[in-house]
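Only one structure is covered here, and it is reproduced in the block below.
Because the structure is a prediction, the values reported are computed rather than measured.
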Amino acid sequence: MTQTTAVDEPRFTKLEEIRTLAVIPLYSEDVPNWAGLVGASRATAYSDASTGKVPTVRVGRRIHVPVPALRRMLGDLDAA
């Protein structure tokens with residue numbers, strides 16, 4: 001039997017998965033994303049983005065988080 005995830009549960013992301021990327025989605029259920037990295041729900045992710053708690057950039061209609069800024073926020077010592 002396969003296990004399904006809840007709709008409001010993002011894919012878990014590891015810092016190693018995003019080190020070479022320029023941006024990652026704020027929230028996504030199937031690719032590395034900010035909400036999965038910090039363990040936030042969809043509602044929390046969009047709330048934090050709208051209040052400026054997390055740096056974001058818009059690409060079309062999608063909201064992304066710049067990886068270098070995110071790595072600095074997380075205390076990654078190799079961040080540029």
TODO: Output yes when a side-chain donor or acceptor of Ser47 lies under 3.5 Å from a complementary backbone atom of Ala43, and no otherwise.
DONE: no
Measuring from [X]:[atom1] to [Y]:[atom2], what's the distance to the nearest 0.5 Å?
| X | Y | atom1 | atom2 | result |
| --- | --- | --- | --- | --- |
| Ile18 | Ile24 | CD1 | CD1 | 4.5 Å |
| Thr56 | Asp48 | OG1 | CG | 10.5 Å |
| Arg42 | Leu26 | CZ | CG | 10.0 Å |
| Leu21 | Arg71 | CG | CZ | 10.0 Å |

Are [X] and [Y] packed together at the side-chain level, in the sense that at least one heavy-atom pair is separated by less than 4.5 angstrom?
| X | Y | value |
| --- | --- | --- |
| Leu74 | Leu15 | yes |
| Tyr27 | Trp34 | no |
| Pro25 | Val31 | yes |
| Met73 | Pro55 | yes |
| Leu37 | Leu70 | yes |

- [ ] Indicate whether the side chain of Ser41 and that of Thr44 have a donor and an acceptor atom separated by less than 3.5 Å.
- [x] yes
Open item on the list: So which atom in Ala35 and which in Ala45 form the shortest heavy-atom distance, rounded to 0.1 Å?
Closed with: CB-CB, 4.0 Å
